[in-house]
Amino acid sequence: MSTDSIPTQLGRIHVRHEGSGPPVVLWHSLFVDSASWGPLFDRVREDHRAIAIDGPCHGRSEGLTHDFTFDEVADCAVAVMDALALHGPVDWVGNAWGGHIGIKVAARHPRRLRTLTTIGTPLRPINPRERWTMCWPLVQIYRVTGPNRWLRTQLQNALIGPRTAVAHPDRACEIMRAFVDADRRPMFHAMRSMMLHRPDVTADLTSIAVPTLMMVADADSMGAGPDDIHSATSAMSHVHVGGLVGDGHLTPLIVDQDNIYRQLVGHWSGNYADSRF
């Protein structure tokens with residue numbers, strides 16, 4: 001496996017890549033890092049060049065001491081692809097936050113993607129109730145205390161789900177380690193920039209021309225549901241919605257990995273027979 005630390009406008013970005021064949025870029029959810037892909041990375045690298053990126057302020061990428069925007073992160077992703085000589089279109093796979101960035105890349109740099117896949121990605125901003133009762137208090141508590149036990153529990157329940165964390169304690173610990181070990185100030189800016197100021201990406205969807213697969217976990221209350229996705233993508237000509245099992249943004253990566261991979265392979269080949277919605 002090869003790793004690189006690539007300079008970008010949002011600091012040095014850590015990338016690990018392995019395998020050969022058509023390039024697949026994987027971008028993780030907020031709060032965690034590229035380790036969250038787990039065995040799925042190994043499945044992808046068997047027939048593709050798998051490229052897992054640690055987003056700004058996450059994992060082994062450089063921390064920032066200022067806020068930043070989704071458009072800046074999308075441009076940062078393109079800078080990483082340029083540094084890796086990925087000048088042709090790639091297959092993008094984004095989990096939650098990674099799906100947002102993929103949508104922005106597809107809208108801002110349409111020739112850089114061959115296909116787009118999102119997993120558990122909400123399409124609209126957090127609503128006022130979520131902002132003031134959950135997200136804003138979480139960010140402020142983190143700013144003062146860091147990843148205390150209560151915050152870790154709340155976040156793990158949202159990302160992984162209580163039942164999955166009990167059933168797969170090693171994977172849950174591996175995934176949550178990125179949040180626990182993160183430098184506090186950069187993670188605070190990432191949380192404030194990417195969660196509190198999450199944009200409405202439905203307008204971006206109208207300009208996306210590449211084949212798009214949006215995977216939805218059946219019990220993920222934080223992600224967009226099938227009805228919302230069908231409504232938001234009604235004007236898109238090449239979009240499919242695939243069902244997954246799980247009650248959090250990352251749960252399908254643990255409990256429904258085979259289904260994810262089958263849908264990815266079908267998406268990349270244009271065969272959507274495994275889609276459940």
Side-chain angles (χ1 to χ4, degrees), residues 24-38 40-41 52-59 61 68-70 73-74 76-77 92-106 116-127 130-131 134-135 138-139 154-161 164-165 171-172 174-176 178-179 182 187 190-202 204-205 212-226 228-229 232-233 241-257 259-260 263-264:
V24 177
V25 174
L26 301 107
W27 192 295
H28 56 83
S29 173
L30 194 65
F31 305 112
V32 300
D33 63 13
S34 59
S36 63
W37 294 108
L40 185 63
F41 177 89
I53 299 174
D54 284 346
C57 304
H58 290 72
S61 288
F68 48 98
T69 69
F70 278 76
V73 180
C76 166
W92 181 284
V93 181
N95 181 204
W97 180 39
H100 289 119
I101 304 308
I103 290 169
K104 286 291 185 180
V105 170
L116 168 65
T117 300
T118 70
I119 304 173
T121 298
L123 303 178
R124 306 183 192 278
I126 56 175
N127 61 48
E130 292 172 327
R131 181 182 183 89
M134 180 178 65
C135 297
L138 187 149
V139 172
Q154 297 302 309
L155 189 60
Q156 181 172 279
N157 288 343
L159 295 178
I160 299 173
T164 302
R171 282 288 287 133
E174 178 187 25
I175 289 170
M176 293 303 298
F179 178 68
M187 180 56 73
M191 292 167 67
R192 188 164 69 177
S193 301
M194 301 289 102
M195 182 171 65
L196 291 185
H197 300 297
R198 187 179 80 205
D200 187 330
V201 295
T202 57
D204 295 295
L205 295 176
T212 300
L213 171 64
M214 295 186 169
M215 298 191 197
V216 183
D218 56 4
D220 179 8
S221 61
M222 298 172 63
D228 188 33
I229 287 182
T233 61
V241 182
L244 300 173
V245 173
D247 56 354
H249 279 338
L250 282 75
T251 314
L253 298 179
I254 302 174
V255 303
D256 208 13
Q257 178 204 128
N259 184 26
I260 292 175
Q263 292 196 47
L264 286 174

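This is a predicted model, so every value here is computed, not measured. Positions are given from 1, in the same order as the sequence printed here.
Between the CG atom of Leu40 and the CD1 atom of Ile119 there is a distance of 7.0 Å, given to the nearest 0.5 Å. With rounding to the nearest 0.5 Å, the separation of CG in Asn95 from CG in Leu30 is 10.5 Å. Atom CZ of Arg198 is separated from atom CD of Glu130 by 7.0 Å, given to the nearest 0.5 angstrom. The SG atom of Cys135 sits 9.0 Å away from atom CE of Met191, with the distance rounded to the nearest 0.5 Å. In this structure, CG on Leu264 lies 5.0 Å from OG1 on Thr117, to the nearest 0.5 angstrom. Met195 CE to Arg192 CZ: the interatomic distance, rounded to the nearest 0.5 Å, is 11.5 Å.
Of all the heavy atoms in Trp27 and Trp37, the pair that sits closest is O-CZ2, 3.2 Å. Pairing each heavy atom of Val216 with each of Val241, the nearest pair is CG2-CG1, 3.8 Å. Residues Ala182 and Met187 come closest through the heavy atom pair CB-CE, 3.8 Å. Between Leu250 and Ser36, the shortest heavy-atom distance links the atoms CD2-CB, 3.8 Å. When every heavy atom of Asp247 is checked against every heavy atom of Thr251, the shortest pair comes out as OD1-OG1, 3.3 Å. What you find for Pro252 and Ile260 is that their closest heavy atoms are O-CD1, 3.6 Å.
Side-chain atoms of Asn259 come within 3.5 Å of backbone atoms of Gly243 as a donor-acceptor pair (strictly under, hydrogens ignored). In this structure a side-chain-to-backbone donor-acceptor pair under 3.5 Å is present from His28 to Gly55.
Inter-residue side-chain proximity for Gln156 and Phe179 is flagged as unmet; no heavy-atom pair is nearer than 4.5 Å. Residues Leu159 and Ile175 are not in side-chain contact: their nearest non-hydrogen atoms beyond the backbone lie 4.5 Å or more apart. Contact annotation: the side chain of Trp97 approaches that of His58 to within less than 4.5 Å [non-hydrogen atoms, C-beta and beyond]. Counting only heavy atoms from C-beta outward, the side chains of Thr121 and Met214 never approach each other to under 4.5 Å. Contact annotation: the side chain of Ile101 approaches that of Phe70 to within less than 4.5 Å [non-hydrogen atoms, C-beta and beyond]. Side-chain atoms of Cys76 and Phe68, non-hydrogen and from C-beta on, never get closer than 4.5 Å to each other. Looking at Arg171 and Val255, their side chains never come closer than 4.5 Å, going by heavy atoms from C-beta outward. The shortest side-chain heavy-atom distance between Arg131 and Leu196 falls under the 4.5 Å cut-off.
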Run the side-chain contact (heavy atoms from CB on, under 4.5 Å) check on Met134 and Ile126 step by step: do they pass? CA-CA 10 Å; Met134 180 178 65; Ile126 56 175; over 6 Å; no

Derivation of the side-chain contact (heavy atoms from CB on, under 4.5 Å) call for Met215 and Val93: CA-CA 10 Å; Met215 298 191 197; Val93 181; over 6 Å; no

Could you check Thr212 against Ile103 for side-chain contact (heavy atoms from CB on, under 4.5 Å), going step by step and ending with a plain yes or no? CA-CA 9 Å; Thr212 300; Ile103 290 169; over 6 Å; no

Do Val73 and His100 pass the side-chain contact (heavy atoms from CB on, under 4.5 Å) test, and can you show the C-alpha distance, the side-chain angles, and the key distance before you say yes or no? CA-CA 10 Å; Val73 180; His100 289 119; over 6 Å; no

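Judged purely by distance below 3.5 Å, without hydrogens or angles, the side chains of Ser34 and Asp54 pair a donor atom with an acceptor atom.
Partners of Ala74 according to the side chain to side chain contact (heavy atoms under 4.5 Å, CB included) rule, which considers only residues two or more places apart in sequence or in another chain, are Lys104, Val105, Arg108.
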